[in-house]
Amino acid sequence: MMERAESGQKLYTRMRLWEFPDQYVIEPTDGSCGSSLAVNKADGSMNLIDEVPECSSIRVPKIRIIFGVIGMLKLVAGSYLIVITDRECVGSYLGHPIYKATSLKIFPCDQCVTNSNAEQKRVETEFSGLLNIAERTSGLYFSYDSNLTLSAQRLHDLGDESKLLPLWRQAEPRFLWNNYMLEVLIDNKLDPYLLPVVQGSFQNFQAAIGKEIVDVTLIARRCTRRNGTRMWRRGADSDGYVANFVETEQIVQMNGFTSSFVQVRGSIPFLWEQVVDLTYKPKFEIVRPEEAPRVVERHFLDLRKKYGSVLAVDLVNQHGGEGRLSEKYANAMHRVISDDVRYLHFDFHKICGHVHFERLSILYDQIVDFLEKNGYLLLNEKGEKMKEQTGVVRTNCIDCLDRTNVTQSMIGRRMLEIQLRRIGVFGADETISSHTNFDESYKILWANHGDEISIQYSGTPALKGDFVRFGKRSIQGILNDGWNSLARYYLNNFSDGTKQDSIDLLQGHYIVSVSRETTPPSQTGGLESVASFPVALALVLIGFFLALMSLRQARYDLRHLFFSIMWASLSVAIGAFVKANGRIFCKRPRLNKPRS
């Protein structure tokens with residue numbers, strides 16, 4: 001088993017938060033003898049103290065147990081302390097416990113806001129309201145002992161000096177979810193409180209194959225560079241960072257051997273978008289198409305630096321709106337393709353349809369040479385590297401969720417079989433499907449993995465999840481897909497805009513400042529300020545109801561026929577107006593100014 005050298009100072013694993021009238025005090029209670037952290041409620045300033053202040057009858061603090069400090073977020077005047085108030089142990093990573101944050105709490109340090117002017121108070125209130133959404137952030141994982149932001153191979157390749165650094169200094173910034181929020185704690189040199197957090201997924205199971213116990217772990221690490229929600233973060237930015245970029249690592253451990261295989265997913269890497277407008281599938285719009293080759297080139301240059309050779313597998317449709325994106329992608333790749341970079345288009349829907357996912361074997365036959373050449377990490381009982389991974393498969397569809405997850409699970413399955421044969425668990429022709437219990441656990445592992453990634457990006461579990469979970473499509477699975485598609489439609493149009501604002505605040509993509517023009521979420525003008533889809537829908541339904549009632553009375557009095565036509569026409573007119581002006585009825589992000 002691969003061991004991690006102990007860092008110079010351990011993280012606090014359990015703390016007591018005292019809430020006094022003028023300050024918060026965080027006291028380590030895990031047996032550590034470190035100093036307590038005092039946070040001023042007026043301005044968020046921090047300092048270490050040797051003892052918790054004395055309590056009195058007029059100074060009775062509220063007390064709660066916390067399990068980590070996420071960081072500090074500063075708005076116009078106040079600051080906000082974010083902590084983990086509950087956790088769940090979900091398994092281990094290379095011998096160290098891994099926890100999922102199941103509850104976050106935000107403590108305001110905003111007493112100085114009372115001295116601010118009316119405009120600052122209004123803006124502070126608007127933006128602090130977005131932090132309520134932040135408390136519901138899902139898929140946050142952390143370890144007090146191991147660096148979750150690095151794959152097993154990169155962790156193994158760390159130098160001895162790097163392994164002695166605090167975990168936050170070892171961390172890969174692009175996968176460090178609270179990177180921006182830790183800045184204040186870093187400035188105050190509070191290493192024992194600096195807890196690196198990853199957003200993604202962590203799934204693990206153990207199963208017997210014959211007399212051997214095999215431990216399988218699946219980790220997803222979400223990149224923070226272009227983090228966001230499904231419709232509000234598409235494509236790439238001008239630096240080549242793509243939406244929904246996720247590194248997935250599959251680790252198998254047994255008899256002292258550790259083997260790891262990494263894949264990545266990410267949006268089509270040039271500038272494009274889908275602006276929600278109440279249509280079920282908004283039109284794809286390519287932004288600044290002349291920049292596509294440069295952005296694609298920059299994206300793949302970054303991938304090559306981090307992973308080596310790259311095989312880009314494009315799963316989108318060959319025709320329609322998706323086809324336009326795919327054609328642009330393929331054309332841009334002409335400048336990038338080399339001995340180290342390959343591009344392969346595989347029309348998932350045309351070849352596999354909605355039920356014949358076993359036809360992914362056609363894709364596997366086209367990429368098996370790349371997989372065999374670039375391999376996987378293999379460490380022996382002494383932690384010595386016997387084999388390393390020298391390239392990565394990059395998979396995308398439109399959302400990089402449903403088709404991508406089915407495809408990645410197929411690749412992961414084939415690679416796991418190769419790894420188990422290499423370790424000596426499987427015979428030459430033995431497969432995972434020949435071991436029922438192991439097979440079922442493995443399917444659930446990937447299904448849960450796909451659901452968690454999908455919930456973070458789209459708000460619902462992954463579509464086509466029944467195939468990943470059970471190995472075949474079912475009527476119930478198809479019905480679930482229909483329901484989840486409707487839920488995505490609602491969230492994309494009426495919820496994700498505000499959620500995107502919250503994400504941009506947390507990640508530091510938008511910094512609130514009194515010296516810059518700000519547009520709080522509710523500050524809009526014109527028709528958009530009064531447009532409301534629920535109100536419009538209610539008016540349409542009322543109009544049709546009144547038209548129906550009038551029509552029933554028309555046989556007694558022809559005047560009711562006139563009223564019936566009038567109410568029906570009014571309903572149609574409102575519906576047509578909503579359709580024509582769909583964009584103003586959607587809940588759009590307001591924080592559209594980048595971090596300065």
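Because the structure is a prediction, the values reported are computed rather than measured. Index from 1, following the sequence.
- Side chains of T395 and T407: a donor-acceptor N/O pair is absent below 3.5 angstrom, by distance only.
- Between D302 and K306 there is a salt bridge, since a side-chain N of the basic residue sits under 4.0 Å from a carboxylate O of the acidic one.
- The aromatic rings of F494 and Y490 sit tilted, their planes meeting at an angle between 30° and 60°.
- For D504 and Q500, the side-chain atoms include at least one donor-acceptor pair closer than 3.5 Å.
- For R169, there are no salt bridge (charged side-chain N to carboxylate O under 4.0 Å, His left out) partners, not counting sequence neighbours.
- Of the residues E249, E172, E388, the one that meets the salt bridge (Lys or Arg N to Asp or Glu O under 4.0 Å) test with R154 is E172.
- The residues R234 and D399 are annotated as salt-bridged, a charged nitrogen and a carboxylate oxygen being separated by less than 4.0 angstrom.
- The only option from H449, R265, Q263, R221 that meets the side chain to side chain donor-acceptor pair (under 3.5 Å) definition with T248 turns out to be H449.
- In this structure, the ring of F348 has its center less than 6.0 angstrom from the ring center of F357.
- Within a 6.0 Å radius of CD in E327, other residues, nucleotides and ligands contribute 12 heavy atoms or fewer.
- In this structure, R222 has no salt bridge (charged side-chain N to carboxylate O under 4.0 Å, His left out) partners at least two apart in sequence or on a different chain.
- By the 4.0 Å N-to-carboxylate-O rule, E297 lies too far from R294 to be salt-bridged with it.
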Practice item. Show your reasoning for whether side chain to side chain contact (heavy atoms under 4.5 Å, CB included) applies to E285 and Q274. Key: CA-CA 6 Å; E285 298 180 12; Q274 275 182 290; over 6 Å; no
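- Scanning for side-chain contact (heavy atoms from CB on, under 4.5 Å) contacts around P293 gives R335, with sequence neighbours left out.
- Without hydrogens or angle criteria, Y457 side chain to R230 main chain gives a donor-acceptor distance under 3.5 Å.
- Ring geometry for Y307 versus F245: interplanar angle of 30 to 60°, hence tilted.
- Between Y141 and F202, the two ring planes are tilted [angle within 30° to 60°].
- Side-chain contact annotation: R488 with S454, donor-acceptor N/O pair under 3.5 Å present.
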